[in-house]
Engineer: 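Mind looking over this structure? Questions follow.
Chain A is the first sequence line, chain B the second, and so forth, proteins listed ahead of strands; every chain is numbered from 1. Everything numeric here is computed off the predicted structure, so don't read it as measured data.
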Amino acid sequence: MTSRLIGLSALGYLAVVIAVLCGAPSGPMEAQLRALALSDVEAQPDLGTEAQRESGKVLYAKYCVQCHGEKGDGAGDATLHLLPRPRDFTTGKFKIRTTPSGALPTHQDLVNIIRRGMPYTSMPAWPNLSDQDVSNLAYYTKTFSPDFSVAESVPKPLEFPAAPASTSETIALGKKLYEENGCLKCHGALGRGDGPSASTLLDDLGYPIRAADLTQPWTFRGGPTRQDIFRTMTTGLNGTPMPSFADALPAEQRWAITDFIASLSGSEVPAYTNLVVAKHALDPIDLAKGAEVFASAPVARFPIVGQIMEPGRQFNPAATSVTVQAIYDAESIALLVRWHDSRADRTGKADPTLPVPLEEEVEAAKPAAAPAADPADPFADPAGAAAEAPPSEFNDAVAIQIPTQAPTGARKPYFIFGDAQNSVDLWFFDLARPDPLQFTGRGSADVVPNDTGDVTGVASYDQGEWSVIFKRPLRASSGVAFVPGGFLPVAFSVWDGFSRERGNSRGLTAWYSVYVEPEVVPSAVGPMVRTALFLLVIELAVIGWVRWSRRSAAERQGREGGSHPAATRA
Amino acid sequence: MTIPHSVRIAGLVLVTTAFYGYVGQLVPQREVQPPTETVLRADMTTADMVKVGGELMVGKGLCMTCHTIGKSGALRFPDLEGVATRASTRIPGMSEIEYFAKSLYAPDSFIVAGFNPGMPVINKPPIGLTDQEILCVIAFLQTLGGTPTVTLQTSHAYYTPPGGAPAAPGGAPTNATPTNTTPAQAPVTR
Amino acid sequence: MNIPVVLAVAAVFTFLRFRRANLLVWAGAWWVGLYVIFRFGFSAPIPASVVSLYMGIVSIAILAYVSSSEQRREEISGPLIRFMTDKRYTALLGATVVAIPALAAANVYVQMNVPLEPPLFPRTVHPASPTEITVHDKKIDLDAGENPFLELAVSHPEEFRKHVENGRRVYYQNCVFCHGDNMTANGMFVHGLDPIPTNFADQGAISILRDTYLFWRISKGGPGLPEEAAPWDTAMPAWEKFLTEEEIWDTILFLYEFTGQKPRAREEVHTQ
Amino acid sequence: MNGLSNRKLLFVLGPVTGLVMFGAVLVIATFLTNREYTQPYRAPAAVVDTTPRAAGLEAERTAAEATARATPYVEAEYRAFPVVGSRVAIWAVAQLHLLFAAFVLAVPIFAVLIEAIGYKTGDKRYDRLAYEFTKLLSVSFSLTATFGAALTFMLIILYPKFTNYMMSVFSPTFLPYVGLFFAEAFFLYTYYYGWGKFHPLVHLALGIGLNIVGTAIMFIANAWLTFMMSPNGISDAGALISVWEAIYNFTWMPINVHRVIANVAFGGSVAAAYAAFKFLQATTDEERAHYDWMGYIGNFVAIIAFLPLPFAGYWLAKEIYAYSQTLGLTMMGGAFSWLFIIQAVLIGNLFLGANYYLWLGMGRVKGAQPVQKFVKYLLIAIAICFMVWATPRSIIATVAEIRSMGGSSHPILGFLGVMSAKNTAVNILILTTYMSFLLYRRTGKTATVAWAKTGHTAQLLIFASAAIFVIFLGVYGYFVEASVRIGLSVPQVSAVLFAMVAITAIDYFLYRRPKMTADVRWGHMPAISQYVLIFIAVTFTWLMGLMGYVRSGLRQHWHVYGVIRDTSPDAFTPTLGFATQVVSVTVLAFFLLIGFVFWLASLHDLPDFDQRSSHPHERSS
């Protein structure tokens with residue numbers, strides 16, 4: 001009895017210890033946020049104690065100074081290559097707030113942004129710092145701008161009503177409001193960040209700024225949830241053309257637009273994958289039909305990173321992801337590559353071999369754009385602005401990269417245009433031209449045309465999205481064969497003319513795979529039956545053996561008249 | 001139905017070894033190839049040849065086992081510092097290339113005063129440099145006090161590259177048959 | 001740790017303790033319980049390969065235990081034999097005989113219908129370095145060499161600080177995109193890279209390597225890796241194209257400085 | 001009558017048949033050779049010499065001969081072995097040679113020890129046991145020599161250039177080697193055949209001589225082999241500078257020590273397997289008791305020798321790192337890191353098997369129940385250590401798994417993959433095995449000394465503090481830098497060794513005159529225990545084979561590569577899967593041969609043929 005009790009209590013103790021060790025998950029953030037927003041904040045500047053600021057200063061010197069600079073002016077060591085630029089704390093302008101447009105953020109706003117970082121920028125989340133440390137950092141951040149110590153400018157958080165349920169009506173209403181309130185001027189009709197003024201946007205410091213692609217909420221700087229979207233719309237983003245709608249629209253309408261934006265993607269996280277499956281199509285692939293023939297093929301989304309490995313680096317590729325679909329018929333395989341681009345640039349020329357302007361020159365050229373005459377009014381005459389811009393010599397382009405020879409084993413060509421030993425086959429589409437071209441890559445410095453005419457394709461640009469179809473015979477003279485049931489490495493590159501990308505300066509993906517799904521997927525029935533029968537035979541043999549030996553032992557016992565229990569063999 | 005012990009033991013041994021063999025199949029399989037070899041390309045420049053020649057001197061050629069570069073004092077074999085200057089002037093009318101070639105193919109032809117003969121033949125086993133490799137060595141030797149001029153197309157008394165001009169007149173009779181006349185296939189230790 | 005799973009397993013064990021279950025049940029319970037914990041009990045899931053390795057060990061251990069004394073052997077084989085021979089279990093036995101192949105067949109079905117994964121090729125994470133490399137026409141001895149600026153830490157602390165600061169600048173202008181602001185491999189491009197960048201804050205990463213090894217990795221990058229380390233996939237640039245030798249050494253100083261680690265010391269060479 | 005006529009018939013028919021067959025062969029051969037000329041488009045036989053074809057053939061032959069004459073003699077660098085290739089052929093033969101050599105070197109070590117014990121205690125059992133071990137020697141010795149010769153010839157044939165180089169470096173060592181070999185044969189045969197014929201001390205001296213000579217032989221051979229791994233005493237170009245330095249290279253001493261210990265463990269396990277084999281074949285209780293005891297002793301020797309083996313291994317690894325950082329990294333972190341996971345599986349199995357055998361052995365003693373209850377905890381400790389040790393440093397995981405883990409190293413398993421954890425695990429494994437042994441030792445005994453309780457407490461305290469100390473250092477290792485961490489294994493090992501020595505010392509006095517509560521019933525062992533002994537022997541052999549692969553695999557880039565570079569088609573290092581297959585086949589071949597040795601040894605016990613046939617009834621009585 002006692003031993004049982006001890007055992008029980010020991011188990012209980014163990015459970016408690018485990019629970020304590022692992023730590024209960026912390027409460028949801030928006031609860032804290034809401035609590036803060038609703039509470040009465042005293043109109044005293046919350047600047048923390050001297051000790052807190054000192055502690056924050058130490059942490060700042062270790063973790064933050066590299067980007068935000070010693071003076072907090074956003075001019076750190078790293079700033080050179082960063083876009084968006086690191087926040088300049090001296091201006092007191094912060095994007096992600098719970099306070100009205102133009103106002104300072106609350107302390108909690110600063111804490112939150114340090115805690116969770118800004119997705120798809122170089123500002124990371126800092127989950128490992130303690131609450132105390134983050135708070136101290138926030139206090140220290142405030143020392144850079146004198147505004148924080150002024151009593152009048154103590155921020156008063158806006159009210160954030162609880163989210164109403166999202167219904168098809170609210171979404172429809174949101175769509176209407178979205179159009180009526182001019183959101184589409186920057187964000188585009190389908191939210192792809194391709195509005196007519198998108199290409200002219202500048203932030204307060206005169207740097208070009210891209211309108212958010214509303215179909216990819218995971219890239220939202222303020223967070224992907226409906227609450228985040230609503231907050232951004234309510235408060236606006238200080239220092240950017242994004243205005244506050246707190247006064248212009250009542251909360252219900254803002255929620256409706258939020259619902260519409262949330263419905264554009266349907267997911268808060270990107271479904272990145274590593275495989276594109278080419279489905280078999282019975283009908284011959286007809287390029288004239290465009291994207292519709294790909295309806296049966298699953299969509300694979302691959303993340304795009306900047307080409308920062310070879311000289312001619314691009315630290316801020318315009319596209320963050322491509323989606324790919326593939327089908328094949330008896331003769332050919334076709335890949336549909338789609339990505340979002342705020343503007344179709346079809347006036348220049350593109351070529352993977354074109355030299356890239358030196359990084360230093362590009363860096364030097366960037367801030368040259370003077371602050372816009374009236375940054376507060378981004379909607380001023382978008383058509384005129386577009387007309388003024390001289391035709392760019394940079395051009396949109398896309399390339400699919402596959403190995404020239406099917407890899408044996410693990411060996412693949414280098415993922416940036418191959419290497420000297422293992423070359424790659426590039427299907428390159430200069431989107432100013434009607435047809436794709438082919439190149440052979442043996443490293444990014446050694447790309448030569450190898451146009452056999454095997455690859456054909458069509459490209460179209462619609463509402464901020466490029467759709468490019470490449471088609472090639474399954475077995476072509478110019479490259480590796482696509483075999484049903486086989487995997488092939490595949491990689492993609494995207495050039496954005498608007499961001500002056502060409503040659504090595506581009507966005508690219510690592511190696512992923514394309515799988516040519518056989519027309520008939522092998523059935524599992526045969527192996528299942530074999531396994532089951534095999535096990536059944538073993539079972540019956542074991543049972544038979546046990547019964548037989550038991551019986552013979554019993555017989556022996558009967559003969560000997562012994563009373564031993566049956567001998568068993570382990 | 002008793003199975004003999006010897007059969008059981010054999011079964012156990014078989015099953016155990018099979019099990020470990022199976023464990024060996026479960027782990028990642030990777031064949032490690034020897035380090036890649038540089039290939040003497042037909043289009044090597046003289047500068048490339050100097051580099052390869054230097055490596056050959058240390059590695060496959062075993063030259064530095066006996067010779068030194070830039071050492072003085074009581075030496076057992078001639079020091080090679082400035083050897084190109086000496087080679088071009090030692091025998092009147094003989095170019096440094098011919099001098100080096102003869103020294104390498106027929107080592108006892110020239111014995112520097114004060115040293116004993118003892119150099120092995122370079123183009124035969126155990127060292128066995130190919131004719132192209134010897135050209136590289138000559139290129140390297142030329143840098144020691146001179147300017148390298150040889151290319152893979154250079155011919156000398158002992159070797160005529162395929163399609164190259166015949167050896168300069170007055171050279172020693174050829175006694176080394178070029179066995180490997182395809183430069184692209186001659187591997188060299190890096 | 002995944003608390004609910006652990007607690008559930010503990011609860012089942014407690015229950016069995018009270019029921020005074022026999023050895024056979026216990027053996028089964030331990031096997032299943034440990035499997036559940038390995039498979040689901042960790043918040044960062046253990047890869048299947050390791051789980052099967054562990055379960056193999058658990059199976060062997062349980063088998064060894066139940067057969068390690070005559071009493072236990074009987075305790076375990078008794079019920080099994082009764083189950084296979086007694087008349088009253090015939091129905092149950094029949095059901096089991098059918099159920100096991102059925103389960104196995106179901107497993108085969110699941111195995112054959114797992115979501116497609118591209119072929120995975122393992123790579124060696126820390127392959128052996130060459131003994132010597134040439135960077136900017138200078139030969140660097142990786143076996144015997146060391147960071148030329150390391151000694152400044154003692155002799156000229158001022159100078160040393162300058163080098164570290166320079167390393168910090170280099171890091172944040174070049175490396176931060178992948179290796180991240182706090183060196184935990186959480187840079188802004190990480191989601192698009194495979195293999196993911198090295199996490200310098202990990203105790204087992206740079207502290208087990210010599211600084212010359214880092215120099216090799218940084219200067220030659222992915223393309224300089226040997227075959228077994230899959231250089232074709234690695235996004236690590238060959239930094240000799242962008243940085244001077246000094247900048248690379250400075251960055252190495254900064255890496256160790258920031259993470260509070262020290263490079264692996266050169267082993268003492270014994271003299272004979 | 002019938003038989004006689006048959007014999008006569010045979011006498012006549014035999015030569016006749018032979019002649020007829022010879023004639024038939026001649027006819028057929030002639031027919032076959034002539035067929036060529038009967039073909040219509042060929043010229044008739046009369047003018048055969050002048051046909052263009054024959055002239056062509058002749059010219060071809062002359063040309064071939066001329067070419068052969070003109071071609072200078074070229075020393076071949078490599079020759080190919082048919083079917084499996086040179087590498088595998090050398091590999092398998094070398095491995096078999098090593099396995100037999102290990103056995104031949106190890107058995108005398110403990111045979112002499114056991115004989116000495118027998119001499120001192122006067123217990124005849126020991127003498128018989130030692131003789132039984134020695135019986136296995138002579139056949140194994142000739143097998144060793146056979147494989148050694150095969151290995152030498154194959155090296156000369158298949159790798160002439162390399163062999164030549166090794167010969168040139170080590171030329172002064174070969175004649176002493178041969179001399180020692182003669183001495184080995186002398187000692188071995190006098191020791192074996194002189195059993196009971198000499199004064200026991202003289203016989204013991206012969207045994208000691210055998211051991212010394214055997215060890216010396218191994219040391220010399222080790223010099224050649226370690227030189228390939230860590231060449232020393234030669235110039236960069238490979239020319240010999242000092243023979244002594246070539247011999248005394250970095251890994252020579254560690255490998256010597258490692259091999260002596262491993263040989264003893266291996267020999268013990270194979271001898272135990274022999275005992276198990278005999279136990280299973282035994283028909284009488286007496287035989288069973290004897291072979292049970294012999295198996296126990298063999299296994300005991302194996303385990304005792306096995307316990308310090310990991311330490312010797314660490315020393316070897318340290319020397320390899322000292323020789324070349326890169327070589328060390330290749331071995332532990334590079335292509336071979338997975339090999340050490342396989343090794344962990346093997347060693348885990350060995351520990352588990354050894355412990356399991358001890359637990360089963362408790363069944364020999366009646367009333368071992370109180371001790372049996374500890375088995376559970378020992379098993380848990382062993383299983384945990386086994387898992388820690390088998391946790392790979394670089395985990396195989398799918399991309400999805402890597403992402404959900406948040407990186408290629410697991411937040412928890414990552415800690416278990418590194419050396420600190422593995423050192424700790426192996427130390428705890430050793431401690432646990434030692435505990436098993438201690439528990440086994442005291443089954444059926446009760447300490448009678450007055451301070452029994454204190455003594456037990458002290459033992460427990462020492463054990464617990466050693467375990468805690470080892471674990472503490474293991475955990476502490478994560479918080480210090482690498483250079484300190486490497487040094488931590490020394491106090492860990494010292495703690496374990498200290499604990500083992502101290503506990504043994506206490507135990508010795510504690511159980512000096514124990515009260516025997518139950519007798520050890522030798523021979524009262526379940527059959528499964530004997531299979532475990534064989535399993536241990538197989539595992540051990542396989543482990544040796546695997547370690548042979550890692551040694552030869554490390555040769556890849558480093559041995560005399562720069563000078564005697566391996567440019568043969570076999571120069572690559574094969575995959576682990578292939579290596580394990582070769583090892584498996586070698587191990588099977590070894591057990592086939594050792595089975596033959598066992599059979600031969602058991603023939604010795606059978607009565608002579610004459611005796612058996614003339615007194616068929618005497619045997620059964």
Side-chain angles (χ1 to χ4, degrees), chain A residues 4 7-8 11 14-15 18-19 21-22 63 66-67 76-78 80-81 120-122 124 126 128 272 274-275 277 303-306 308-311 315 409-415 419 422 487 509-513 515 524 527-529 531-533 535-536 539-540 543 546-547 550 568 570, chain C residues 1 3 6-7 10 13-14 17-18 43 67 73-74 76-78 81 84-85 93 97 100-102 104-105 108-109 112-113 116-119 121 123 168-169 171-174 176-177 180-182 184 186-189 191-194 221-223 227 230-233 235-237 241-242 258:
Chain A
R4 200 187 282 182
L8 192 63
L11 275 177
L14 195 71
I18 290 169
L21 280 180
C22 303
Y63 296 117
Q66 297 88 0
C67 298
D77 290 336
L80 185 61
H81 297 313
Y120 289 76
T121 76
S122 58
W126 298 89
N128 293 335
Y272 289 142
N274 51 16
L275 181 69
V277 178
I304 282 188
V305 299
I308 54 172
M309 298 88 194
E310 296 288 326
F315 295 91
R411 186 75 173 92
K412 280 183 274 194
Y414 187 40
F415 79 105
D419 54 57
N422 295 55
F487 289 91
T509 73
W511 279 124
Y512 294 103
S513 290
Y515 175 69
M528 281 167 73
V529 170
T531 312
L533 278 182
L535 279 176
L536 195 68
E539 277 177 343
L540 293 179
I543 292 171
V546 166
R547 288 195 167 187
R550 172 114 168 146
T568 53
Chain C
M1 278 307 223
I3 316 270
V6 177
L7 285 183
F13 277 20
T14 320
R17 187 100 176 83
F18 276 105
S43 34
S67 64
R73 274 198 298 281
E74 262 161 36
I76 204 102
S77 60
I81 286 176
M84 282 191 247
T85 50
L93 182 67
V97 166
I100 291 176
V108 168
Y109 179 81
M112 288 190 69
N113 286 287
L116 269 176
E117 282 271 354
F121 298 103
R123 59 187 286 276
R168 172 196 292 263
R169 180 188 62 78
Y171 181 90
Y172 283 97
Q173 281 178 4
N174 298 287
V176 71
F177 299 90
D181 286 64
N182 44 13
T184 51
N186 63 346
M188 60 190 284
F189 287 151
H191 60 278
L193 303 179
D194 180 25
E227 201 82 353
W232 44 88
D233 278 336
M236 178 76 177
K241 290 180 190 166
F242 303 95
F258 188 92

Engineer: Please look at A/Val529 and chain C and tell me whether the side chain, the backbone, both or neither of the residue comes under 4.5 angstrom of a heavy atom of that chain.
Structural biologist: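 Neither part.
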Engineer: Can you name the nearest heavy-atom pair linking C/His191 to A/Ile304, along with the distance?
Structural biologist: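 Where C/His191 meets A/Ile304 most closely, the heavy atoms are NE2-O, 4.4 Å.
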Engineer: Using the salt bridge (Lys or Arg N to Asp or Glu O under 4.0 Å) criterion, which residues pair with A/Asp77? Sequence neighbours excluded.
Structural biologist: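 Expected list: none.
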Engineer: For chain C, which of A/Gly76, A/Ala510, A/Pro124 has the most heavy-atom pairs under 4.5 Å?
Structural biologist: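 Max contact count across the listed options: A/Pro124.
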Engineer: Please flag which part of C/Tyr171 lies under 4.5 Å from any non-hydrogen atom of chain A: side chain, backbone, both or neither.
Structural biologist: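 Neither part.
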Engineer: Can you tell me how far the CZ atom of A/Phe415 sits from the CG atom of C/Leu193, to the nearest 0.5 Å?
Structural biologist: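 So the gap between those two atoms works out to 7.0 Å.
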Engineer: Check each atom of A/Ser122 against the heavy atoms of chain C and say whether the ones under 4.5 Å are side chain, backbone, both or neither.
Structural biologist: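 When you check distances to chain C, atoms from both the backbone and side chain of A/Ser122 fall under 4.5 Å.
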Engineer: Given that the side chain runs from C-beta out, which part of A/Leu533 has a heavy atom under 4.5 Å from chain C: side chain, backbone, both or neither?
Structural biologist: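 Neither part; nothing is under 4.5 Å.
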Engineer: Could you look at C/Leu93 and say if it's the side chain, the backbone, both or neither that has a heavy atom under 4.5 Å from chain A?
Structural biologist: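 Just the side chain, heavy atoms under 4.5 Å.
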Engineer: Between chain A and each of C/Pro223, C/Ala235, C/Ala104, count heavy-atom pairs under 4.5 Å; write down the option with the most.
Structural biologist: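 The residue among C/Pro223, C/Ala235, C/Ala104 with the greatest pair count is C/Ala235.
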Engineer: With C/Asp233, which residues qualify under salt bridge (Lys or Arg N to Asp or Glu O under 4.0 Å), at least two apart?
Structural biologist: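 Salt bridge (Lys or Arg N to Asp or Glu O under 4.0 Å) check on C/Asp233 returns A/Lys412.
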Engineer: Name the region of A/Pro413, side chain, backbone, both or neither, that has any atom closer than 4.5 Å to a heavy atom of chain C.
Structural biologist: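 Looking at A/Pro413, just its backbone touches chain C.
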Engineer: Rounded to the nearest 0.5 Å, how far does NZ of C/Lys241 lie from CE of A/Met309?
Structural biologist: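 Those atoms lie 11.0 Å apart.
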Engineer: What pair of heavy atoms forms the shortest contact from C/Pro101 to A/Ala532, and how long is it?
Structural biologist: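 Smallest interatomic distance, heavy atoms only, reads CB-O, 3.4 Å.
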Engineer: Measuring from atom CG of C/Asn174 to atom CG of A/Leu80, what distance do you get when rounded to the nearest 0.5 angstrom?
Structural biologist: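 Separation between the atoms: 9.0 Å.
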Engineer: Can you tell me how far apart NE2 (A/His81) and OH (C/Tyr172) are? Round to the nearest 0.5 Å.
Structural biologist: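 Interatomic distance, A/His81 NE2 to C/Tyr172 OH, rounded to 0.5 Å: 15.0 Å.
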Engineer: Please tell me if the side chains of C/Asp181 and A/Trp126 come closer than 4.5 Å, counting only heavy atoms from C-beta onward.
Structural biologist: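 With C-beta onward as the side chain, the pair touches.
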Engineer: What is the distance from atom CZ of A/Phe315 to atom CE of C/Met188, rounded to the nearest 0.5 Å?
Structural biologist: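 That separation rounds to 10.5 Å.
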Engineer: Pick from C/Ile100, C/Asn186, C/Val176: which one has the most heavy-atom pairs with chain A under 4.5 Å?
Structural biologist: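 Most heavy-atom pairs within the cutoff with chain A belong to C/Ile100.
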Engineer: Would a 4.5 Å heavy-atom cut-off, applied to side chains only, mark A/Pro311 and C/Phe242 as touching?
Structural biologist: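 Yes, their side chains come closer than 4.5 Å.
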Engineer: Determine the minimum heavy-atom distance between A/Glu539 and C/Val97, stating which atoms define it.
Structural biologist: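 Result for this residue pair: OE1-O, 2.8 Å.
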Engineer: Could you check which of A/Tyr414, A/Tyr120, A/Trp511 has the highest count of heavy-atom pairs closer than 4.5 Å to chain C?
Structural biologist: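 Ranked by heavy-atom pairs under 4.5 Å with chain C, first place is A/Tyr414.
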